[in-house]
**Student:** 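Structure in structure tokens, see below.
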Amino acid sequence: MAVQTIASATGIDLGPAAALSCRECGHRVPLGPVFACEECFGPLEVAYDLPAGSPQELKDKIAAGPQSIWRYAPLLPVPADVAAKPNLNPGFTRLIQADRLAADLGVDAGNLYVKDDSGNPTHSFKDRVVAIALEAARAFGFTTLSCSSTGNLAGAVGAAAARAGLRSCVFIPYDLEQGKVIMAAVYGGDVVGIEGTYDDVNRFCSELIGDPIGEGWGFTNVNLRPYYAEGSKTLAYEICEQLGWQLPDNLIIPVASGSQLTKIDKGLKELIKLGLVEDKPYKIFGAQAEGCSPVSSAYKDGHDVVRPVRPDTIAKSLAIGNPADGPYVLDITRRTGGAVEDVNDEQVVDAIKQLARTEGVFAETAGGVTFGVLKKLVEDGRISPSETTVAINTGDGLKTLDAVAPTTGPTATIRPNLDSFREAGLA
Ligand SMILES: *Cc1c(COP(=O)(O)O)cnc(C)c1O
Ligand SMILES: [Zn+2]
């Protein structure tokens, strides 16, 4: 009850969100655009008054809701009327039973699923997190939406701001893929390329927030990070709902900052607590590219501390050398009996093509990392063919064409007659 008072005292209506609480020491503060604990500098996260009522009542309410993440509004930091506001209504992407990929990998039929988040409005999972951050930005009266981005976030912020009528100004490393840069710029907001890595971009944004220039700016993944991060819980909710309100045995999730993996685990734990799924063990696996594998290296070395690296990989959307949630990824993968694994650029490209060839899903390089790691885990016997496994494709292959362009193209080019086709040897 005391927490309810904090939320209402500030006049901020973000639905069931009651306060922010420190992940490390539990210290609570009112809802606001803050991200670090004033006591211990630990990350703040949203604490809720979760809905009352029976699990069946909640399932019925969700089933009657919109075909978007807003069906889970009672579990998110958003006002009850969120679906009526101009936003991109992301989520409720398809969950594909991937029997042909399963056969290729040696997994039993019916046990492997692809959660295809390339089907979101700007073709990556980032629309989920931005939609939640946008509600926080509105609640706090921000007029500019911003972010530091490895590519996909910049596009998601640009589109969400355009639709909501806010200004946007996003910051990216200068050397991103053309598809990501154009996707960010086409919505009419400002896009600033910074000469440096993502970690330099992120440091720059932290400086900007502290400066008067940054007044009125909501950075989705910096000062709005506690809200933004909650959007990833919707992947957990959707996967379980689409499996008939069941937990999978294994989840394979790509790791950049580690926020998505951390919050999917939070979402699964909430579903168990609310009685929406049966309480049973599940394993969470993190996937990184070898050229930017600080969390995977720490996992393999048995360390609790993640040592920053300088990224060098074609999986640019995952190229965060100093991942904020790295230690939590280590905790979660170890606690659940999962692992963090990595694959090289060649394996990334092979995995993109294998997924496309077997299931008709064209993944970006981050998806190549995830499915490359899936392959490795099945081959090593760390994922059992008889268990249910869900791997997440977080972005669209059209954004990273350069990865497959050198080895993919027309089978033949012919003159428009049958002889020419016969000569090509394809008849
Ligand atoms: C941002 C992103 C992720 C995950 O990022 P986290 O920082 O770990 O939450 C995964 N895949 C793609 C394609 C992304 O753009
Ligand atoms: Zn604290």
Side-chain angles (χ1 to χ4, degrees), residues 20-29 34-45 47 115-118 120 122-130 132-133 147-157 172 176-177 179-180 183-184 198-199 202 220-222 225-226 228-233 235 252-266 284 286-289 292 294-296 306 311 313-326 328-329 332-333 340 348 352 363-371 373 391-400 403:
L20 294 177
S21 90
C22 173
R23 231 189 119 109
E24 290 299 322
C25 76
H27 178 67
R28 282 173 95 106
V29 293
V34 285
F35 56 101
C37 174
E38 58 201 353
E39 301 287 327
C40 76
F41 301 108
L44 297 174
E45 66 177 357
K115 178 62 172 169
D116 186 15
D117 242 22
S118 68
N120 276 304
T122 70
H123 304 267
S124 88
F125 109 96
K126 288 297 193 302
D127 292 316
R128 296 177 184 273
V129 282
V130 169
I132 309 290
C147 65
S148 56
S149 173
T150 55
N152 286 314
L153 181 56
V157 165
I172 55 175
L176 288 184
E177 304 94 337
K180 300 264 170 74
M183 190 89 183
Y198 170 82
D199 299 285
N202 206 31
T220 55
N221 57 334
V222 190
R225 189 172 181 85
Y228 158 97
E230 294 294 295
S232 289
K233 292 192 309 177
L235 271 164
I252 327 283
I253 306 167
V255 173
S257 74
S259 173
Q260 183 186 33
L261 184 146
T262 305
K263 298 304 173 184
I264 287 177
D265 180 60
K266 186 182 182 193
I284 293 194
Q288 295 210 293
C292 183
V295 189
S296 167
V306 175
T313 167
I314 58 168
K316 293 185 180 183
S317 54
L318 302 182
I320 297 185
N322 189 12
D325 290 306
Y328 298 120
V329 170
I332 291 165
T333 51
V340 191
V348 169
I352 291 174
E364 76 144 88
T365 45
V369 168
T370 305
F371 284 84
V373 163
I392 305 176
N393 174 36
T394 46
D396 193 323
L398 288 172
K399 295 203 204 190
T400 57

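Whatever order the structure lists them in is the order used to number ligands and atoms, beginning at 1.
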**Student:** Under 4.5 Å between any side-chain heavy atoms of P43 and Y328, yes or no?
**Tutor:**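 In short, these two side chains touch, coming nearer than 4.5 Å.
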
**Student:** Between R225 and D325, is any pair of side-chain heavy atoms under 4.5 Å apart?
**Tutor:**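 Yes. Closest side-chain heavy atoms under 4.5 Å.
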
**Student:** Test your reading of the structure: does T150 have an N or O sitting under 3.5 Å from an N or O of ligand 1?
**Tutor:**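 N/O-N/O distance under 3.5 Å: no.
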
**Student:** Are E364 and S317 side-chain neighbours, meaning at least one heavy-atom pair lies under 4.5 Å?
**Tutor:**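 E364 reaches S317 side chain to side chain.
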
**Student:** Tell me which protein heavy atom sits closest to atom 12 (C) of ligand 1, plus the residue, atom name and distance to 0.1 Å.
**Tutor:**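 Going by distance alone, atom 12 (C) of ligand 1 is nearest to T394 OG1, 3.4 Å.
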
**Student:** Which bit of A256 gets closer than 4.0 Å to ligand 1, counting heavy atoms only: side chain, backbone, both or neither?
**Tutor:**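 A256 to ligand 1: contacts from backbone and side chain alike.
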
**Student:** Hey, are the side chains of E177 and K399 touching, using non-hydrogen atoms and a 4.5 Å cut-off?
**Tutor:**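 No. Closest side-chain heavy atoms not under 4.5 Å.
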
**Student:** So is there a nitrogen or oxygen of V255 less than 3.5 Å from a nitrogen or oxygen in ligand 1?
**Tutor:**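 Between V255 and ligand 1 (N or O atoms, distance only) the closest approach is not under 3.5 Å.
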
**Student:** Among all protein heavy atoms, pick out the one at the shortest distance from atom 9 (O) of ligand 1; state its residue, atom name and that distance to 0.1 Å.
**Tutor:**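 Result: Q260 N, 2.9 Å.
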
**Student:** Please examine the side chains of T150 and K180, heavy atoms only from C-beta on, and report whether any two atoms are closer than 4.5 Å.
**Tutor:**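 In short, these two side chains do not touch, never coming nearer than 4.5 Å.
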
**Student:** To check your reading of the site, what angle at the Zn ion (ligand 2) do SG of C37 and SG of C22 form, to 10°?
**Tutor:**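 Value returned, to the nearest 10°, is 110°.
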
**Student:** Would you say N221's side chain and S149's backbone share a donor-acceptor pair under 3.5 angstrom?
**Tutor:**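 Not at all, since once roles are kept as given, no pair shorter than 3.5 Å links the two residues.
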
**Student:** Test N393 against T370 for side-chain hydrogen bond (donor to acceptor under 3.5 Å, both in side chains), laying out the working first.
**Tutor:** CA-CA 7 Å; N393 174 36; T370 305; over 6 Å; no

**Student:** Can you check which of A315, G286, S257 brings a heavy atom nearest to atom 6 (P) of ligand 1?
**Tutor:**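 Residue with the shortest heavy-atom distance to the ligand atom: S257.
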
**Student:** For the metal site, I want the angle between atom SG of C40 and atom SG of C25 with the Zn ion (ligand 2) at the apex, to 10°.
**Tutor:**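 That angle is 120°.
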
**Student:** Short list, please: which atoms of ligand 1 are under 4.0 Å from a heavy atom of G258?
**Tutor:**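 Counting from 1, the qualifying ligand atoms are 6 (P), 7 (O), 8 (O).
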
**Student:** Out of D396, L318, N393, who gets a non-hydrogen atom closest to atom 10 (C) of ligand 1?
**Tutor:**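 Looking at heavy atoms only, L318 sits closest to atom 10 (C) of ligand 1.
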
**Student:** Do any N or O atoms from the side chain of D116 and from the backbone of S118 form a donor-acceptor pair under 3.5 angstrom?
**Tutor:**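 Yes; judged by distance alone, with no hydrogens or angles, the pair exists.
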
**Student:** Please determine if S124 has a nitrogen or oxygen closer than 3.5 Å to a nitrogen or oxygen of ligand 1.
**Tutor:**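 No, S124 has no N/O under 3.5 Å of an N/O on ligand 1.
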
**Student:** Which ligand 1 atoms does S259 reach within 4.0 Å, using its non-hydrogen atoms?
**Tutor:**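 Close to S259: 6 (P), 8 (O), 9 (O).
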
**Student:** Taking all atoms of both residues into account, what is the closest heavy-atom pair of K316 and T365, and its distance?
**Tutor:**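 Answer, listing the atom of K316 first, then T365: N-OG1, 4.2 Å.
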
**Student:** Are any non-hydrogen side-chain atoms of F125 and I392 less than 4.5 angstrom apart?
**Tutor:**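 Not touching, per the 4.5 Å side-chain cut-off.
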
**Student:** Return yes or no for this condition: an N or O of K126 is under 3.5 Å from an N or O of ligand 1.
**Tutor:**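 Such a contact does occur with ligand 1.
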
**Student:** I need the contact type for D325 against ligand 1. Using non-hydrogen atoms and a strict under-4.0 Å cut-off, is it side chain, backbone, both or neither?
**Tutor:**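 Looking at D325 and ligand 1, no heavy atom falls under 4.0 Å.
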
**Student:** Hey, looking at atom 13 (C) of ligand 1, which of N152, T365, N221 has the closest heavy atom?
**Tutor:**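 Answer by nearest heavy atom: N152.
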
